[in-house]
Each structure stands twice: as structure tokens, then as C-alpha cells.
Amino acid sequence: MKESTESLNFIEHIIEEDLAAGFPKEKLRFRFPPEPNGYLHIGHAASICLNFGLGEKYQAPVNLRFDDTNPSKEEQEYVDAIKRDIAWLGFRWANECYASDYFDQLHAWAVQLIKDDKAYIDQQTSEQIAAQKGTPTTPGTASPYRDRPVQESLELFERMKNGEFPAGSYVLRAKIDMASPNMHMRDPILYRIINAHHHRTGSKWCIYPMYDWAHGESDYIEQVSHSLCTLEFKAHRELYDWYLDQILDPNKLRPKQREFARRNLSYTVMSKRKLLELVQKKVVAGWDDPRMPTISGLRRRGYTPTSIRKFSDLAGIAKRDNVTDVSLLEFCIREDLNQTATRVMGVLNPVKLVITNYPEGKSEILHLENNPEEANSGTHEVPFSRELYIEREDFKEDGGKNYFRLSLGNEVRLKSAYIIKAESVVKDSFGEIQEIHCTYDPESRSGSGTEASERKVKGTLHWVSIAHAIKAEVREYDRLFLDEAPDSHEEKGFLEFVNPNSLNVIQEAYLEPFLANATLEDKYQFQRLGYFTLDPDSKDGKLIFNKTVGLKDTWAKQNNQNQAQNQPKAATPTPAQPQKKAINEIQQIGKKLTNLSGEKLETAMNSIREFAEEISYEELEPLFGTAVKKTGTRIAAMLALGVLLKKGQEKNAGIDTFIQSGREDENEILKAEAEKLN
RNA sequence: UGGUCUAUGGUGUAACUGGCAACACGUCUGAUUUUGGUUCAGAAGAGUCUAGGUUCGAGCCCUAGUAGACCAACCA
């Protein structure tokens, strides 16, 4: 159970308020309403976790409802994928519903609307209707068919339903208000003719309800109490309510729509249309490509339901535009996998290491802890022998003092095995290292309890025995886009930011033999490298592992920083930061002034004086009116004024008043500066 | 240019009916460590878009700006 001190998001506040106002808790009901026209993504996870999370929190039913009102875009494949993803996330829906289940009811209500003279049949082209709609700033004009007699509309609607007309020839429109400032209220379309096979109703219908008509009424039919959707539907709310008003039985629950901001993730895109484009243009291998932000992509990549739910929880729900840093998602998966993943060893970029004093032909079985984070996780066996692979990056002939890995003459621990010392290298004619020759300390075997085994050495390396290693393909992934928000550029399409190196395939990695029995469900930590999971492309005899996410790597970070520092200054492109105006700088610095003291204060005041050299009196004058409590800004203004006066600015009434007010202020600094100018 | 919504450290969210701006990620130290992981201890970083106002007191209320988002599909 959650603690009562936990902070609530604004949706939860609304529900708590409703409850406090007397809404019965047992009538709470939610729904998640996807359109089956694409796969679910991490943005949907926000909505799924919100709705189903609310259901769990209040013990309320949550329906899964497919908004399947447009047969030309929707497919059974998507229905199946969506159900699979939600179930995988660990949520259980109360009912599996379809808007198409309500087509008969919706149609009956539409007929009633016509009879009530609240709807009419229009027979203009979509262009004509669009033109009459007006713009957000100018009112629309009425359709010439707006006052068609009720009986005539009724007959035409019936004939539409019977398939007597071609697609696009007639529509049913609500009769609301062509002058409404809300475009959605300008006689919106309720029904249109579509001749396409529907994944559930087949060819029964050739007229299909529009989203607004179907959605709110579906909520009503299911007696959903809180209909939560994303912000772009805010403007639809008025129509949602209008439709409800037409059919509402006052004895029944009236659903209410509330809107929250959709969740964006940095370095990716989050719209089904764009994701579909990536699939269709073969930028990625499919909806479940591990680089995709889809639930199925993340699953294939190795993300767990726990991590995704945790992410949704941490990211929260609010109403402002956002781009959540992907590092938060990565934190969530690392946190989960650190607790649960089995530790193994694998070498991705091998170099041969020979232990010269280890008997040829000998091998032994060592034991590797399955998970140091979990006390009873046990161990598994790993073979050791004279010839091993280690990572090429784990050896340098001369490493330097910050290099904890293997270098000539230095000792290092082989994880769960022995301490070794590098003695020499064998190179080919290009100078490339072929073999590293070392000696080992036979007394130092891990866990043997000997004094030598307890010895502290700086570094520990992972390794595999060449004779025993199994081969596997390993796929490493980088962000799919190079830009933090690839679809936020007006002049460039998101595809221009695709990262050409988002996939790196290692054809032949060497893994400890334990991994031969890996299953798709298993999660591994390749020690010192990251988390990996088996890809479904794996076949008998050919293992393929996906890298879910790397371990945090402070060493790599440190290296990158050093490299950046060593680069000549001209090569580091200074971001084209628009130069702030001097007056703004002064305001900025001034704000913080009252929090500073000593040297910092001195520095700040001096930089204000410097910036003041570049400003005009006209720019400064408005600051004289700064509220009394904003002392910092007033000090800054006083300092700047001092500079201007020194430069020959004439005193005037405004200046005198400002100086006088400063002299009378409680703040010592302000007082002192004002005195100087008096 | 009409309507609607939003604005809090680098990022994402909190802050109850006005009462010392909090948490997480990220960043940076240091300790521990047979994973340069984990864990632990700590630090820096915002005075809440701007300017007024109400108030003993404003991130929160009021006014006026500014910036961004959404709205004119027979899509959802």
C-alpha cells in the first residue's frame, strides 16, 4: 500500500476531490482506449500505467477498449500486439471492449439526434465543408443542407447505412454552432461512408462513426467515470459534453474527460505515424526492433515490465510539454536488472592471453557467483585454462597510473580466478598485439582462502577460456536519433537525424559455455559490460544477444572528458548561444546578489559593472520601478546606474528618486551603493 | 490575428486551504568493492518566465505582458 504522504498527480487530485464531494468509490471506472492502428510505445505506457494504476489504487475496473471506428487504418495484428503488450506489462483489464460493439446503439442514438433536429445529412464535398468551416479567427458559414427536413435526413441516413451511396457522397453532421470559437463545435461530422472490411464487423456496416461521437458515448455505455486522454483532445471536451447531453439518462453516471500531457523521450520520436514511417522505410527492422521506443521493441531489447512501470511512475503525469531524458529510463532498467540479472562473462572484442606457467592441456572448473546482490542466488561453473580471451581494451603495454587494467609488469585479478601479471606481448608485423603472455599466482585462486587469494589488486578483468568458449552474435544499440528532439525542428524532418550507427553487430563474441542454455526470458549481466538478453532471432546453434543497456562507466566518461580537453580549442565547436543582452545579464546576476557574500559577491558586483558599460539609460530606467522586495535587482540597477553616471549620464527626477529609495532601504549593500551616488 | 492550455535547478515531477521551494534522474567529490558496476557518505545547481498588485506573508490569488503548445482530417 502506498503511504498517504505520497504526492498525488493532478488527476489523482481530481479523483480525490470527486470522492470528497460524495462520488461513490465503487463507481470509479477507467479505460485505456487505443486505436488498433499501430504498436504501443513508451508514451502509451504513461497512459496505461495511469489508468491501470488508478484501477489498482482504487480497486476499480479498467476496460481495454479498442477505438476501432476507422476500418481503413485498423488491423487485427495491432489488436493482438496491444493486448500482448499490456498483459506483458502486468496489467489485467476488466473487459475487452470495442467501440464497434456499440455501433448499433450509436446508430440508434444518431437517428434520435436527427429526429430531434440536432443532426442533418450533408452532401457537399469534404473541400466545401472544410471551406465553410471558417478558421479559428473567422466564423464558419452554414451548409446549404443545414435545414434539410428531418424526414429527408432520416431517409438519406437510412440509405447511407444500406450502402446505396459511394464513399464521400454523404455525411451526417451534428447541428451545433457554425460560429463557435471552438472549431469542433462547427457542425462536426458524426458519420461518414467507408467501404472497407472491418476487422470485427466485417461488411455489416458501410457507415462508421467519427471519434468524437463514438468515444464519449462508449465511455457512457461502459459507465467510465474518468475518461483520461492526452492534451490535444482538450478542445474536444466541449463536444464530448454536448454529445453526452443529447443522450444522457440522468440516473446514470456521466463520464468526465480530463487531459494530461503526452510523454516524450529524448533522442526518439513518439508518434505512431512516425514510428510507422521508420518501419515502412526500413530504417528499423520492424515495430519490435530493439531501437524502437515501442513496448515490444523495449521488451526485445531486454527491458522488463518492472522497469517500464517504474519509469512511468518516476516520470509522473502533468500538463506541460516535456522531454524526459532517456537516462531516466536507463536508470530504471539498470536498477531492476542489477537486482535480478545473472552475472556471466563474455568477451566482445577479444585478444588472446596465455598463462605461461599454467600447465598445457590442464583445465579446471571455477565457480562464478550468480548474483552478488542476492544472497541465495548460488553459483555456476566456469572452465579455466591456459589460454584465455580478454577484452582488447583491458590491456595496454603502458597503462599509466590511472589505468587499473592489465599492463606490462602489473598485476590484475581475473574475475573469480587467479591473479595474473603481464610479462610480454607478441605482435604481428603491423604492431598489432596478437598475444599477451602472463604468469599467474597459483595460490591466488578466488575463494581459496589463502593469503595470496586475499591480496588486493587494483583491477579485475572478465575473461573466457578459449577452448571452452561458445560463439555468439552480439547486437549493440545506440540511440536511434542524434538529436534530442528529432521531431521538433520545423525546417528539418525527423528522418534527417537518424543515427547511422545505431546498430553495431559483433558477429563473433566469445561467451562462457553456461550461456549455451540461455532462454528468451533470461536476463544476464555480462560482467563489466552491461545487461544482455537473448534475441528471438536466435536459432539452434546460433545465439544472438541484444545489449539492453551498458553498465555505468565512469572510466569511459573520464576518458572522453580527457580527450575533449586535449583537442585544440578551434575544434570544439562552441554552441551558437545567442548572446544575451547586457541588461538581461545584469538582471540575472542581480537576482542572486542577496544570496552571495565575500569574494563571490565582489565578483558578481564587478561583472554587473562591466555589463553596465554596454547598456543605455533607456534600458536601465524600467528597473527603477523594481519591487522593493527584489533587493538584488535593485542593487544591480544601482550599480549599473553608478556606471552610467560616471560615463556622463545627467541626473533627473527618476534617478534621484531611485537613489533616495536606495538610501532608505534596509539592505546595507543597497544603502551603501546609493550613498556613493548621492 | 480568435479560442484554449502551459510556464518551478540541466531533465522530469512535488509543494494540501497562501507559511523556510522538496524528491528522483543527471552532474561532481570521497569511502567501500574480486564488476572503473552496486552500496554508502557528501556537494554543487532553481528563489519558481517578466513587471506590477493584494497580503504580516505569494511558486500558489489578481492584472498586464512574454514564451511555448494545441485547435480549421469524411484520423484518433
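Every chain is numbered from 1, with letters handed out A, B, ... down the list of sequences.
Phe233(A) comes within 4.0 angstrom of a base, heavy atoms only. Note on Thr554(A): only backbone sugar-phosphate atoms sit closer than 4.0 angstrom, heavy atoms only; bases stay farther off. The residue Asp122(A) sits apart from the nucleic acid: no heavy atom pair falls under 4.0 Å. If you check every strand for non-hydrogen atoms under 4.0 Å, Gly447(A) touches a base. Within 4.0 Å of Pro372(A), counting heavy atoms only, lies at least one base atom of the nucleic acid. Within 4.0 Å (heavy atoms only), Gln128(A) reaches no atom of the nucleic acid at all. Residue-level contact check: Val323(A) touches the backbone only, with heavy atoms under 4.0 Å from sugar-phosphate atoms and none from bases. If you check every strand for non-hydrogen atoms under 4.0 Å, Gln527(A) touches a base. Leu231(A) comes within 4.0 angstrom of nothing in the nucleic acid, heavy atoms only. Nucleic acid contact for Tyr403(A): base, since at least one base atom lies under 4.0 Å from a heavy atom of the residue. Nucleic acid contact for Lys458(A): none, since no nucleic acid atom lies under 4.0 Å from a heavy atom of the residue.
No side-chain heavy atom of Phe165(A) sits less than 4.5 Å from a side-chain heavy atom of Gln123(A). Looking only at side-chain heavy atoms (C-beta outward), Val382(A) and Leu366(A) come within less than 4.5 Å of each other. For the pair Trp213(A)/Leu172(A), no side-chain contact is recorded, criterion being any heavy-atom separation below 4.5 Å from C-beta on.
In this structure, Asn264(A) places its CG atom 12 Å from C1' of G12(B), rounding to the nearest Å. Distance, Arg405(A) CZ to U35(B) P: 13 Å, rounded to whole Å. Going from atom NE2 of His199(A) over to atom C1' of A76(B) covers 13 Å, rounded to whole Å. Between the OH atom of Tyr208(A) and the P atom of C74(B) there is a distance of 18 Å, rounded to whole Å. Distance, Trp213(A) CH2 to C75(B) C1': 19 Å, rounded to whole Å. Look at CD on Glu512(A): it is 14 Å from C1' on U35(B), rounded to the nearest Å. For the pair His462(A) NE2 and G36(B) C1', the computed distance is 13 Å after rounding to whole Å. The distance from atom CD of Glu238(A) to atom P of C5(B) is 12 Å, rounded to the nearest whole Å.
Both geometric conditions, a ring-centre gap below 5.5 Å and a plane tilt below 30°, are not fulfilled together for Tyr211(A) over the base of A76(B).
Thr324(A) and Arg263(A) are linked by a side-chain donor-acceptor pair at a separation below 3.5 angstrom, with hydrogens and angles left out of the test. Under the 3.5 Å distance criterion, with hydrogens and angles disregarded, no donor-acceptor pair is assigned to the side chains of Asn182(A) and Ser180(A). In the model, Glu335(A) has no side-chain atom that pairs as donor or acceptor with a side-chain atom of Ser307(A) under 3.5 Å. Residues Asn370(A) and Thr342(A) have side chains that never bring a donor and an acceptor to within less than 3.5 angstrom of each other. With hydrogens and angles left out, the side-chain atoms of Glu75(A) and Asn37(A) include no donor and acceptor closer than 3.5 Å. Side-chain contact of Arg31(A) with Ser227(A): a donor-acceptor pair under 3.5 Å is present, judged by distance alone.
Applying the 90° cutoff around 0 to the glycosidic angle, G47(B) is assigned syn.
A44(B) and U29(B) have their C1' atoms separated by 10 Å, with the value rounded to a whole Å. Look at the C1' atom in both G9(B) and G2(B): the space between them is 36 Å, to the nearest Å. Look at the P atom in both A14(B) and C61(B): the space between them is 15 Å, to the nearest Å. Comparing G68(B) with C49(B), their C1' atoms are spaced 11 Å from each other, to the whole Å. C56(B) and A24(B) are spaced 35 Å apart, taking the C1' atom of each and rounding to whole Å. Taking atom C1' in both U27(B) and G65(B), the straight-line distance is 35 Å, to the nearest Å.
Between the side chain of Arg413(A) and the backbone N or O of Lys458(A), no donor-acceptor pair lies under 3.5 Å.
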Open item on the list: Run the side chain to side chain contact (heavy atoms under 4.5 Å, CB included) test on Leu406(A) and Ile390(A) for me, step by step, so that the C-alpha distance in whole Å, both residues' side-chain angles and the decisive distance to 0.1 Å come before the verdict.
Closed with: CA-CA 10 Å; Leu406(A) 189 62; Ile390(A) 64 166; 4.3 Å; yes

TODO: Kindly determine whether Asp487(A) and Lys274(A) satisfy salt bridge (charged side-chain N to carboxylate O under 4.0 Å, His left out), including the steps that lead there.
DONE: CA-CA 9 Å; Asp487(A) 52 2; Lys274(A) 288 176 183 134; 3.5 Å; yes

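Under the 30°/60° scheme for interplanar angles, the aromatic rings of Tyr440(A) and Phe384(A) are found to be tilted.
Here the straight-line distance linking atom NE2 of His198(A) with atom SG of Cys206(A) works out to 13.0 Å at 0.5 Å rounding.
Taking the ring centroids of Tyr191(A) and Phe157(A), they lie under the 6.0 Å cut-off.
Of the residues near RNA chain B, Lys234(A) and Lys456(A), the one whose nearest nucleotide (by heavy atom distance) lies more toward the 5' end is Lys234(A). With the nearest nucleotide of RNA chain B identified for both Ala167(A) and Ser446(A), Ser446(A) has the one nearer the 5' end.
For RNA chain B, runs of at least 3 consecutive pairs of the Watson-Crick or G-U wobble type, with both hydrogen-bonding distances under 3.5 angstrom, map to B:2-7 with B:66-71, B:10-13 with B:22-25, B:27-31 with B:39-43, B:49-53 with B:61-65.
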Could you list the protein-to-nucleotides 13-16 of chain B atom pairs, N/O on both sides, closer than 3.5 Å?
{"unit_1": "U13(B)", "atom_1": "OP1", "unit_2": "Arg263(A)", "atom_2": "NH2", "d": "3.1"}
{"unit_1": "A14(B)", "atom_1": "OP1", "unit_2": "Ile317(A)", "atom_2": "O", "d": "3.0"}
{"unit_1": "A14(B)", "atom_1": "O2'", "unit_2": "Ser7(A)", "atom_2": "OG", "d": "3.4"}
{"unit_1": "A15(B)", "atom_1": "OP1", "unit_2": "His13(A)", "atom_2": "NE2", "d": "3.1"}

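Side-chain N/O atoms of Arg528(A) and base N/O atoms of U35(B) include no donor-acceptor pair closer than 3.5 Å. In terms of polar N and O atoms assigned as donor or acceptor, the side chain of Glu369(A) never comes within less than 3.5 Å of the base of U34(B) in a complementary pairing. Taking only distance into account, the side chain of His184(A) never meets the base of A73(B) through a donor-acceptor pair shorter than 3.5 Å.
Side-chain proximity of Lys133(A) to C28(B), A72(B), U35(B): nearest is A72(B). Distance from the side chain of Asp553(A) is smallest to G36(B) among G36(B), A72(B), U35(B). Side-chain proximity of Pro136(A) to U38(B), A72(B), C28(B): nearest is A72(B). Considering only the side chain of Met183(A), C71(B) comes nearest among C71(B), C74(B), U27(B).
Between Arg192(A) and C75(B), a side-chain N or O to OP1/OP2 separation shorter than 4.0 Å is present. Look at Thr69(A) and you won't find any side-chain N or O under 4.0 angstrom from OP1 or OP2 of C75(B).
Remark: Arg200(A) qualifies as a cation-pi partner of Tyr98(A) under the 6.0 Å distance and 45° angle criteria applied to the six-membered ring.
Contacts between residues 329-344 of chain A and RNA chain B, defined by a heavy-atom separation under 4.0 Å, are made by Phe331(A), Asn338(A), Arg343(A).
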